[in-house]
Amino acid sequence: MAQAGENGGAPAVPQIAPLAKYKLVFLGDQSVGKTSIITRFMYDNFDKNYQATIGIDFLSKTMYLEDRTVRLQLWDTAGQERFRSLIPSYIRDSSVAVIVYDITNRASFLNTSKWIEDVRNERGNDVVMMLVGNKTDLKERRQVSVEEGEDRAKAEGIMFIETSAKGGYNIKALFRKLATALPGMETAPATSNNANLIDIKLSAAPPTEDAARTCAC
């Protein structure tokens with residue numbers, strides 16, 4: 001039974017902790033698969049007929065961990081040069097920067113250096129950063145080896161993973177890694193094999209709570 005207040009008034013109302021929110025910004029050249037990765041994570045599907053993202057698109061998901069719940073705000077940026085001036089303002093208050101390249105496009109890999117530089121210029125080291133080599137389903141057309149990706153990430157002091165948005169390969173693993181690296185997650189109970197993370201049990205944000213738009217790659 002709820003206890004009355006000190007002066008016999010109404011019972012004290014328990015305080016509900018605010019939902020932790022983390023802004024994840026996805027960066028990289030045009031057509032590397034940023035939108036495809038987000039869509040696979042959000043809806044577990046893949047559409048080969050995406051149109052190029054215009055400007056910035058925003059989606060939101062709630063991730064349930066065993067000991068806490070966090071809201072992930074996913075910002076999908078356009079890779080075209082004409083939208084480049086918009087991006088620094090979205091990086092500025094982000095918790096996570098995900099830099100994506102296409103393993104079948106060496107230029108997109110070489111250009112990750114400029115995206116990493118943009119993040120460093122805006123956030124210094126006060127951000128979680130992940131380098132992602134996408135499109136492993138096209139391994140016969142690979143132009144960037146796993147070792148090259150690993151070496152670039154190691155040199156920059158950031159995380160690395162390869163994925164296939166089309167096949168769903170490593171998409172959950174990507175977000176698991178990011179979840180465990182989020183600010184404040186270091187205080188979570190340590191268990192082996194990240195067992196404290198539920199298998200990415202997701203719930204779409206209510207449409208009236210966050211304005212989420214369907215985005216394109």
Problem set entry | CA sep, side-chain torsions, deciding dist, call: Asp137, Ser164, side-chain hydrogen bond (donor to acceptor under 3.5 Å, both in side chains) | CA-CA 6 Å; Asp137 52 286; Ser164 169; 2.7 Å; yes
Problem set entry | Side-chain heavy-atom pair Phe41, Leu174 within 4.5 angstrom cut-off |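 The answer is no; the side chains never approach within 4.5 Å.
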Exercise. Got a sec, which residues hit side chain to side chain donor-acceptor pair (under 3.5 Å) with Thr163, two or more places apart in sequence or on another chain?
Worked result: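 So Thr163 forms a side chain to side chain donor-acceptor pair (under 3.5 Å) with Asn134.
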Problem set entry | Counterpart residues, side chain to side chain donor-acceptor pair (under 3.5 Å), relative to Asn170 (two or more places apart) |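 Once residues adjacent in sequence are excluded, Asn170 has no partner under the side chain to side chain donor-acceptor pair (under 3.5 Å) criterion.
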Please list all pairs meeting salt bridge (charged side-chain N to carboxylate O under 4.0 Å, His left out) that have one or both residues in [range], counting only residues at least two apart or in different chains.
range: residues 150-168; value: Arg142-Glu162
range: residues 100-111; value: Asp102-Lys135, Arg106-Glu148
range: residues 122-132; value: Arg92-Glu122, Arg123-Asp126

Problem set entry | Linked, directly or transitively: Leu138 and Ile161 (ILVMFWY side chains, under 4.5 Å) |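 Unlinked, Leu138 and Ile161 end up in two clusters.
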Exercise. Taking a hydrophobic cluster as the set of Ile, Leu, Val, Met, Phe, Trp and Tyr residues connected by side-chain heavy atoms closer than 4.5 Å, whether directly or through intermediates, do Val70 and Val128 fall within one such cluster?
Worked result: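 Looking at the clustering, Val128 is in the same group as Val70.
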For this session: Identify which one of Leu24, Val25, Leu27 satisfies the side-chain contact (heavy atoms from CB on, under 4.5 Å) criterion when paired with Ser94.
Result: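 That would be Val25.
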Exercise. How far does CZ of Arg40 sit from CG of Asn45, to the nearest 0.5 angstrom?
Worked result: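 The CZ atom of Arg40 sits 6.5 Å away from the CG atom of Asn45.
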Exercise. How would you list, by chain and number, every residue that makes a ring-ring contact (aromatic ring centres under 6.0 Å, His included) with Tyr101, sequence neighbours excluded?
Worked result: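 Listed in chain order: Phe109.
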Problem set entry | Thr39 side chain vs Ser36 backbone, donor-acceptor pair below 3.5 Å |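 No; judged by distance alone, with no hydrogens or angles, the pair does not exist.
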